[in-house]
> 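Next up is a structure, given as structure tokens.
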Amino acid sequence: MKRSEEPIYWLLFGAGGVVAALLLPVLILISGILVPLGILSADTLSYEKMHALATSWWGAPILLAAIALPIYHAMHRVYHGLHDLKVGARPLFFVLCYGGALLLTLYSGYLLLLA
């Protein structure tokens with residue numbers, strides 16, 4: 001019996017769903033509501049502070065996870081949505097969806113390393 005690599009993709013899907021459900025609303029609350037209303041100072045999102053976060057040893061992996069995992073979640077949904085719609089060329093869409101997510105992850109990591 002051949003082993004499947006499908007659990008890895010379901011793991012990335014689940015992790016991306018958790019990040020999207022828990023972390024992104026907090027980011028929207030801070031950057032879209034609290035700072036514009038003046039509840040938090042505008043200095044909270046200053047370039048210097050965000051750059052310090054992106055270049056710290058613990059901030060860069062957190063930002064990479066906050067970017068990459070929702071991308072995998074979305075691409076997994078797109079891939080299985082195409083399968084449910086019975087769109088053909090399954091191997092092509094597999095490579096496009098998961099390969100695209102991988103390329104975006106690598107590019108995000110590259111940009112975070114340059115920061």
> Taking salt bridge (Lys or Arg N to Asp or Glu O under 4.0 Å) as the cut-off, I'd like each qualifying pair that reaches into residues 61-85, sequence neighbours left out, listed once.
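Listed once each, the pairs would be none.
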
> Could you note down all residue pairs passing side chain to side chain donor-acceptor pair (under 3.5 Å) where residues 12-21 supplies at least one of them, sequence neighbours left out?
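Every candidate side chain to side chain donor-acceptor pair (under 3.5 Å) pair involving residues 12-21 fails, so no pair, neighbours aside, qualifies.
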
> Going from CZ on F13 to OH on Y72, what distance comes out if it is rounded to the nearest 0.5 angstrom?
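Atom-to-atom, F13:CZ and Y72:OH are 15.0 Å apart.
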
> So, using side-chain hydrogen bond (donor to acceptor under 3.5 Å, both in side chains) as the criterion, who are the partners of W10 when residues are at least two apart?
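Here the qualifying residues are E6.
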
> Closest heavy-atom contact between T105 and A68?
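The answer is OG1-CB, 3.4 Å.
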
> Compare every heavy atom of G59 with every heavy atom of S56, then report the nearest pair and how far apart it is.
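Closest heavy-atom pair between S56 and G59: OG-N, 2.9 Å.
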
> Who else is in L22's hydrophobic cluster (ILVMFWY, side-chain heavy atoms under 4.5 Å, direct or via others)?
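Via sub-4.5 Å side-chain contacts, L22 links to V18.
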
> Y47: which other cluster members, linking ILVMFWY side chains closer than 4.5 Å, directly or transitively?
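Via sub-4.5 Å side-chain contacts, Y47 links to none.
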
> To the nearest 0.5 Å, how far apart are NE2 in H80 and CG in L85?
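If I round to the nearest 0.5 Å, the distance is 13.0 Å.
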
> Give a yes or no on this: more than 12 heavy atoms of other residues, nucleotides or ligands lie within 6.0 Å of atom CG of L53.
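Counting other residues, nucleotides and ligands, CG of L53 exceeds 12 neighbours.
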
> For residues 56-75, pull every pair meeting salt bridge (Lys or Arg N to Asp or Glu O under 4.0 Å), keeping only residues two or more places apart or in separate chains.
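Sorted pair list comes back empty.
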
> Apply side chain to side chain contact (heavy atoms under 4.5 Å, CB included) to S108 and list each qualifying residue two or more places apart in sequence or on a separate chain.
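Partners of S108 by the side chain to side chain contact (heavy atoms under 4.5 Å, CB included) criterion, ordered by chain and then number, come out as L64, I67.
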
> Among residues at least two apart in sequence or on other chains, which ones pass side chain to side chain contact (heavy atoms under 4.5 Å, CB included) with L103?
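For L103 there are no side chain to side chain contact (heavy atoms under 4.5 Å, CB included) partners, ignoring immediate neighbours.
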
> Quick one: list whatever passes salt bridge (Lys or Arg N to Asp or Glu O under 4.0 Å) with D43, sequence neighbours left out.
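K49.
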
> Would you please name every residue forming a side-chain hydrogen bond (donor to acceptor under 3.5 Å, both in side chains) with Y98, sequence neighbours left out?
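Applying side-chain hydrogen bond (donor to acceptor under 3.5 Å, both in side chains) to Y98 gives H76.
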
> Output the distance between atom CG (L96) and atom CG (L82), rounded to the nearest 0.5 Å.
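These two atoms lie 9.5 Å from each other.
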
> Side chain to side chain contact (heavy atoms under 4.5 Å, CB included) for F93 and V78? Distances and angles first, verdict last.
CA-CA 9 Å; F93 289 126; V78 167; over 6 Å; no

> What side-chain donor-acceptor pairs closer than 3.5 Å can you find for residues 23-30, not counting sequence neighbours?
none

> Would you give the length of the straight line joining atom SG of C97 to atom CG of L92, rounded to the nearest 0.5 angstrom?
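Those atoms lie 9.0 Å apart.
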
> Could you see if L102 belongs to whatever hydrophobic cluster contains F94? Use Ile, Leu, Val, Met, Phe, Trp, Tyr and a side-chain cutoff under 4.5 Å.
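Hydrophobic grouping puts L102 apart from F94.
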
> Please answer: with hydrophobic residues joined when any side-chain heavy atoms are less than 4.5 Å apart, are I33 and M50 in the same cluster?
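Yes; tracing contacts between hydrophobic side chains, which count when under 4.5 Å, links both residues.
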
> Treating Ile, Leu, Val, Met, Phe, Trp and Tyr as nodes and any side-chain heavy-atom pair under 4.5 angstrom as an edge, say whether L37 and L34 lie in one connected cluster.
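L37 and L34: one cluster.
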
> Hey, could you give me the CE/CG distance between M75 and L104, rounded to the nearest 0.5 Å?
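Nearest 0.5 Å value for the CE-CG distance: 8.0 Å.
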
> Mind checking whether Y9 and V87 sit in one hydrophobic cluster, side chains of I, L, V, M, F, W, Y counted as touching below 4.5 Å?
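Yes.
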
> I'd like to check the side chain to side chain contact (heavy atoms under 4.5 Å, CB included) partners of L69; sequence neighbours left out, ordered by chain and number.
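Expected list: L12, A15, V19, A65.
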
